[in-house]
Enquirer: 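Just dropping this structure here.
Every heavy atom of this structure was used, including side-chain atoms; hydrogens, water molecules and symmetry mates were not.
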Amino acid sequence: MRTHYCGTLRTEQIGETITLCGWVDRRRDLGGVIFLHLRDRSGSVQVVSDPVRTPDTYHLAETLRSEYVVKITGRVYSRPEESLNDRIPTGAIEVYAEQIEVLNRVHKQLPFQVSQTENEFVREDLRLKYRYLDLRRERMSANLQLRHQVIKTIRRCLEDRFNFMEIETPILTRSTPEGARDFILPSRVNLGEWFALPQSPQLFKQLLMVSGFDRYYQIARCFRDEDLRADRQPEFTQLDMEMSFMSQEEIINLNEELIARIFKEIKGIELALPLPRMTYAEAMDDYGCDKPDTRFDLKLVNVSEIFKDSQFKVFSGAIASGGVVKILPIPGGNQTISNVRIKPGGNLFKEAAEAGAKGVAYIRVLADNEIETIGAIKDSLSEISKQQLLTLTGAKPGDLLLFGAGDAAMVNKTLDRLRLVIGRELGLIDDNKVNLLWVTDFPMFEWNADEKRLEALHHPFTAPHPDDINDLTTARAQAYDIIFNGTEIGGGSVRIHQREIQEQVFSAIGLSIEEANDKFGFLLEAFEYGTPPHGGIAYGLDRLVMLLAGEDSIRDVIAFPKTQQARCLLTNAPANVDAKQLKELEVISTYKPKAVD
RNA sequence: GGGACUGUAGCUCAGUUGGUUAGAGCGCGCGCCUGUCACGCGCGAGGUCGCGGGUUCGAGUCCCGUCAGUCCCGCCA
C-alpha cells in the first residue's frame, strides 16, 4: 500500500510521487489551505491540500480528524523558505495530497490526545486501559523502538561476534524451593500436580552446558509472584547467558564488550574498558551497599577504632556487641543540612529510622576544628581522638559528620540511604554521567535471622572461590554484579559443576539430601555425566532499557505492563474462570470475596 | 500486611474559613479564515465533584468506610 514511512522523508525525495499510510496527528485548516501531520511509527510529515494545487482532495481533507487512518499519495515538495520547520526531521519538505483514501475513521471521542503537546501528563490508569493508543504516542513508541534496538544489538553482538546460540527453555516447569514465590498452574493431565512458571531459566541453561551448547543466550521471560514496584513486574524479561570453559575473568571481559557495544550503538557513548571493579567488602565498607552509585563521592568511614573504648556507651556498646560505628561525612553540610532535619521528625531522621536506626548522631566541624555536637559525645572525645576523627574522615571546617552505630547491616543500610538522599538533594548526582562497575567477591551465604539458617546470597548454584573451599559458610563466591548508576542491571556467577560441592552447598543452606534429590536430583545426576566448567550472567532487560530511555518505571518500556495491584487494565486480567474449567482440573477455590454493602 | 499521596467536564488542572448557577486551557461540534506547524478568531455542547454513608440549615470542601491508580516499607535467592 505504501512506498515510504512518514518520518523518513527528506529533501532527497523532492519530486518523487510517494504513498504514505498512517494516522492523522493534527489537522490545521486555515480555510483555504489545510495542513495535515501524518504520523506512523517513524515520525510524522506535513501534508498539504488546497483547492488550487490539489483540487481532488481538498474537500475530503476538510473532513479528516485526529487519528483517522489514511492513505495519501502525492508529490514531495520543498517547503517555501519561510515555512521551514527545523524542529522536526521532515521539516524541510511537505507532501501535496493528490489522492486521499480514508482507511478508517474514529467513531468515539478519544480518551486522551494521542498527539503530544509538550510534556502533557495523562493518568497512568487511563494510559494502561487504552494502551494501544498510549503506544501510538511519541514517547512510548520511542521507548519500544529503543527496546527493540537494544535487543537487536544484543543479538548481533552475541551471535555474530561471540558465536552464541539462542535456545528456548520451558515456561511450564517445576516449583523451586528457594527464592521468590512461584506462579503455579494446575495440570489437567496429571491431576493434583502443578506446574510453576520459571523465575529464571537457571537450571535449564546449566543443563544446556552439560549438553555441549557452550554459548547459550535467551531473551527470557521470567515470573515472580511478589509485590510490584516501579522497577518490578510479575513478568519481566532477562537477557540470560551461559558459557562453558570460561573463567570469571573471561566471562566479565566478554560482557564488557557486549555492554560497551550497547552503549555505543544506543547512546553513542564510548565506555572505557575494562570497567572499574570493587569487591563486595569494599562496596559495603565505602558505600554501605552492594550496588553503589559512584557518580558522586561521599564515602563512609569506619571509626570503630576511635570509639571502641569511648565513654559514650551508644558507640562503645555497639562495638562491644559486635557492631560498628561509621560516619557519613558531608562536605559543607553545616550550611546545607539543619539540625531539625536530623532530629526526630526530620526527614533524614525518618530515613534513618526506616533503615532501623534509633537516631542519627552528628558532629559539626567548626572553624579551628572545634566541634559542635551533643554533650555526651563531646565529653567522651579526647583531643587525640578528635584529631584522629578529623584525619580519618578528612573533615574540614563547615563539614557535617553523620553517625551510624550498631549492627553493621543496619548501620550500612542507614548510611547508604542517607548518602543517596543527601547526594540527590545536594545535586551531587550528574544525570549525564554514565557510571558502570562490577562488584565481585560476594559472600556465598547470608544469615537469615528469621529462618535461622544460611541463605544463598546469589543462588545455590554459585561456585565458591577456590581459596575458600575449606569453609563454605564464610566462603566468597565467584559471583559478580554489574552496576549502572547505582542500579544492579545484571548479575552472574561461575557455577558449581561437581556433584559433591553442589551437595555441600545444598546442605549449608539447610536443604536435606532428600529435598535436594527431590527438587534438584536431575541436576545432581547430570553433573555425573561430564559437566563442563561453566558460568553465566543474567541482565534485567527492562531495567536496562528503562535507564537507557531515561524513564523512572519499567512499565514505560514494557508494551503491556501490570498495575501495582498486578492487574492488566486493558484485558482486565486476572479474571474468574468458568466453574467447568476448575472442575476439570479438580481445583476448588476457598476464597470468599468480602461482602459488599 | 503496613505507611504516604492522588481521584472535579473526553484530557490536564483550579476551586478560599463549608454558602447562591462548580471554572480555565486543550479536545469535541458549528461558523470564519490560503503558509500553518501547540495555527488564529467567534459561537456552542459537555459535570452523579470515584462510590457509599455520616455531620450540618447547607458538603466538591469536614468525618467514616470503600474502590481505583501511584510511590515506599515488608517481600523480591
Enquirer: How long is the straight-line distance from CZ of A/R221 back to CZ of A/F236, given to the nearest 0.5 Å?
Expert: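 Answer for the CZ-CZ pair, A/F236 versus A/R221, is 10.5 Å.
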Enquirer: Sort out the partner of B/C62 for me: Watson-Crick or G-U wobble, both distances under 3.5 Å, none otherwise.
Expert: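 B/C62 is paired, partner B/G54.
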Enquirer: Can you tell me if A/T279 and A/T440 form a side-chain donor-acceptor pair at under 3.5 Å?
Expert: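 Note: A/T279 and A/T440 side chains miss the donor-acceptor criterion.
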Enquirer: Considering residues, nucleotides and ligands other than A/K129, do more than 12 of their heavy atoms fall under 6.0 Å from its NZ?
Expert: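 Result for NZ/A/K129: open.
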Enquirer: Check every strand shown and say whether A/D29 touches a base, only sugar-phosphate, or nothing at a heavy-atom separation below 4.0 Å.
Expert: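 Since a base atom lies under 4.0 Å of A/D29, the category is base.
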Enquirer: Tell me every residue that passes side chain to side chain contact (heavy atoms under 4.5 Å, CB included) with A/M278, counting only those two or more places apart in sequence or in another chain.
Expert: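 Partners of A/M278 by the side chain to side chain contact (heavy atoms under 4.5 Å, CB included) criterion, ordered by chain and then number, come out as A/E282, A/A283, A/Y287, A/P292, A/T294, A/L437.
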Enquirer: Watson-Crick or G-U wobble partner for B/C30, using a 3.5 Å limit on both distances?
Expert: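 Answer to the pairing question: B/G42, which forms a Watson-Crick or G-U pair with B/C30.
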Enquirer: Quick one: list whatever passes salt bridge (Lys or Arg N to Asp or Glu O under 4.0 Å) with A/E138, sequence neighbours left out.
Expert: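 Residues passing salt bridge (Lys or Arg N to Asp or Glu O under 4.0 Å) with A/E138: none at all.
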Enquirer: When the C1' atoms of B/U70 and B/C33 are compared, how many Å lie between them, rounded to an integer?
Expert: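 Looking at atom C1' only, B/C33 and B/U70 are 45 Å apart.
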Enquirer: For the pair made of CZ in A/R136 and P in B/C11, what is the distance, rounded to whole Å?
Expert: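 Taking atom P of B/C11 as the reference, CZ of A/R136 is at 17 Å.
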Enquirer: Quantified in whole Å, what is the P atom distance between nucleotide B/G15 and nucleotide B/G7?
Expert: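 The same atom, P, in both gives a distance of 10 Å.
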Enquirer: Identify the residue among A/R39, A/K108, A/R105 that makes a salt bridge (charged side-chain N to carboxylate O under 4.0 Å, His left out) with A/E67.
Expert: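 Of all the options given, the one that passes is A/R39.
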Enquirer: So if I take residues 76-89 of chain A and measure heavy-atom distances to RNA chain B, which residues fall below 4.0 Å?
Expert: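 A/R79, A/P80, A/S83, A/L84, A/N85, A/R87 - these, ordered by number, are the residues of the stretch whose heavy atoms sit under 4.0 Å from the strand.
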Enquirer: Quick one: list whatever passes salt bridge (Lys or Arg N to Asp or Glu O under 4.0 Å) with A/R417, sequence neighbours left out.
Expert: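 Partners of A/R417 under the salt bridge (Lys or Arg N to Asp or Glu O under 4.0 Å) test: A/E351, A/E354.
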Enquirer: Expressed as a whole number of Å, how far does the P atom of B/C30 sit from that of B/A38?
Expert: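 Straight-line distance between the two P atoms is 24 Å.
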Enquirer: Got a sec, which residues hit ring-ring contact (aromatic ring centres under 6.0 Å, His included) with A/Y217, two or more places apart in sequence or on another chain?
Expert: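 Partners of A/Y217 by the ring-ring contact (aromatic ring centres under 6.0 Å, His included) criterion come out as none, since no residue qualifies.
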Enquirer: Is there a Watson-Crick or G-U wobble partner for B/C13 with both distances under 3.5 Å, and if so, which one is it?
Expert: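 B/G23 is the nucleotide pairing with B/C13.
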Enquirer: Pick the nucleotide of RNA chain B nearest each of A/S66 and A/Y96; which residue has the one closer to the 5' end?
Expert: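 Between the two, 5'-proximity favours A/S66.
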Enquirer: Tell me the salt bridge (charged side-chain N to carboxylate O under 4.0 Å, His left out) pairs involving residues 80-99 of chain A, sequence neighbours left out?
Expert: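 Checked against salt bridge (charged side-chain N to carboxylate O under 4.0 Å, His left out) - neighbours excluded - no pair reaches residues 80-99 of chain A.
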Enquirer: Distance between the C1' atoms of B/G46 and B/G29, in whole angstroms?
Expert: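 Each nucleotide's C1' atom is 10 Å from the other's.
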Enquirer: For B/C39, take OP1 and OP2 only and decide whether either is under 4.0 Å from a side-chain N or O of A/R28.
Expert: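 For A/R28, the contact criterion (side-chain N or O under 4.0 Å from OP1 or OP2 of B/C39) is met.
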Enquirer: Flag the pair A/K291 and A/E488 as a salt bridge only when some basic side-chain nitrogen lies within less than 4.0 angstrom of an acidic carboxylate oxygen.
Expert: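 No salt bridge links A/K291 with A/E488.
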Enquirer: Classify every nucleotide of nucleotides 72-77 of chain B by which part a protein heavy atom approaches to under 4.0 Å, writing B for the base, S for the sugar-phosphate alone and - for neither, in 5'-to-3' order.
Expert: BBBBBB
Enquirer: Mind telling me whether A/H534 and A/F527 have parallel, tilted or perpendicular rings, with 30° and 60° as the class edges?
Expert: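 If you compare the ring of A/F527 with that of A/H534, the planes turn out tilted.
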Enquirer: For A/F522, which residues count as a ring-ring contact (aromatic ring centres under 6.0 Å, His included) partner, sequence neighbours excluded?
Expert: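 For A/F522, no residue satisfies ring-ring contact (aromatic ring centres under 6.0 Å, His included) once neighbours in sequence are set aside.
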Enquirer: Work out how far the P atom of B/A77 is from that of B/G54, and round it to whole angstrom.
Expert: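 Pairwise P distance, B/A77 against B/G54, rounds to 48 Å.
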Enquirer: Using a heavy-atom cut-off of under 4.0 Å over every strand shown, decide if A/R127 touches base, sugar-phosphate, or nothing.
Expert: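 Result for A/R127 = nothing.
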Enquirer: Taking atom CG of A/L523 and atom CD of A/Q502, what is their separation to the nearest 0.5 Å?
Expert: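 It is 5.5 Å, given to the nearest 0.5 Å.
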Enquirer: Which base sits across from B/G74 as a Watson-Crick or G-U pair, both distances under 3.5 Å?
Expert: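 Pair assignment: B/G74 / none.
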Enquirer: In whole Å, measure the gap between the P atoms of B/A22 and B/G27 for me.
Expert: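 Pairwise P distance, B/A22 against B/G27, rounds to 25 Å.
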Enquirer: Whole angstrom is fine here: how far is it from CZ in A/R27 over to C1' in B/C30?
Expert: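 Roughly 12 Å, once rounded to whole Å.
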Enquirer: Which residues pass the side chain to side chain contact (heavy atoms under 4.5 Å, CB included) test with A/I18, sequence neighbours left out?
Expert: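 A/I18 satisfies side chain to side chain contact (heavy atoms under 4.5 Å, CB included) with A/T3, A/H4, A/L9, A/E16, A/L20, A/V76, A/V95 once adjacent residues are dropped.
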Enquirer: Using nucleotides 5-10 of chain B, report all nitrogen or oxygen pairs with the protein that are shorter than 3.5 Å.
Expert:
residue, atom, partner, partner atom, Å
B/G7, O4', A/R123, NH1, 3.4
B/G10, O4', A/Q109, NE2, 3.4
B/G10, O2', A/L110, O, 3.2
B/G10, O2', A/P111, O, 3.0
B/G10, N9, A/Q109, NE2, 2.8

Enquirer: Near RNA chain B, under 4.0 Å by heavy atom, which residues of residues 30-49 of chain A?
Expert: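 Close to the strand are A/L30, A/G31, A/G32, A/V33, A/F35, A/H37, A/Q46.
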Enquirer: So, using salt bridge (Lys or Arg N to Asp or Glu O under 4.0 Å) as the criterion, who are the partners of A/D231 when residues are at least two apart?
Expert: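 Testing A/D231 for salt bridge (Lys or Arg N to Asp or Glu O under 4.0 Å), a comparison that skips the adjacent residues, returns A/R543.
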Enquirer: Within the 4.0 Å heavy-atom criterion, would you say A/E94 contacts the bases, only the backbone, or no part of the nucleic acid?
Expert: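 Answer is base: heavy atoms of A/E94 come under 4.0 Å of a base.
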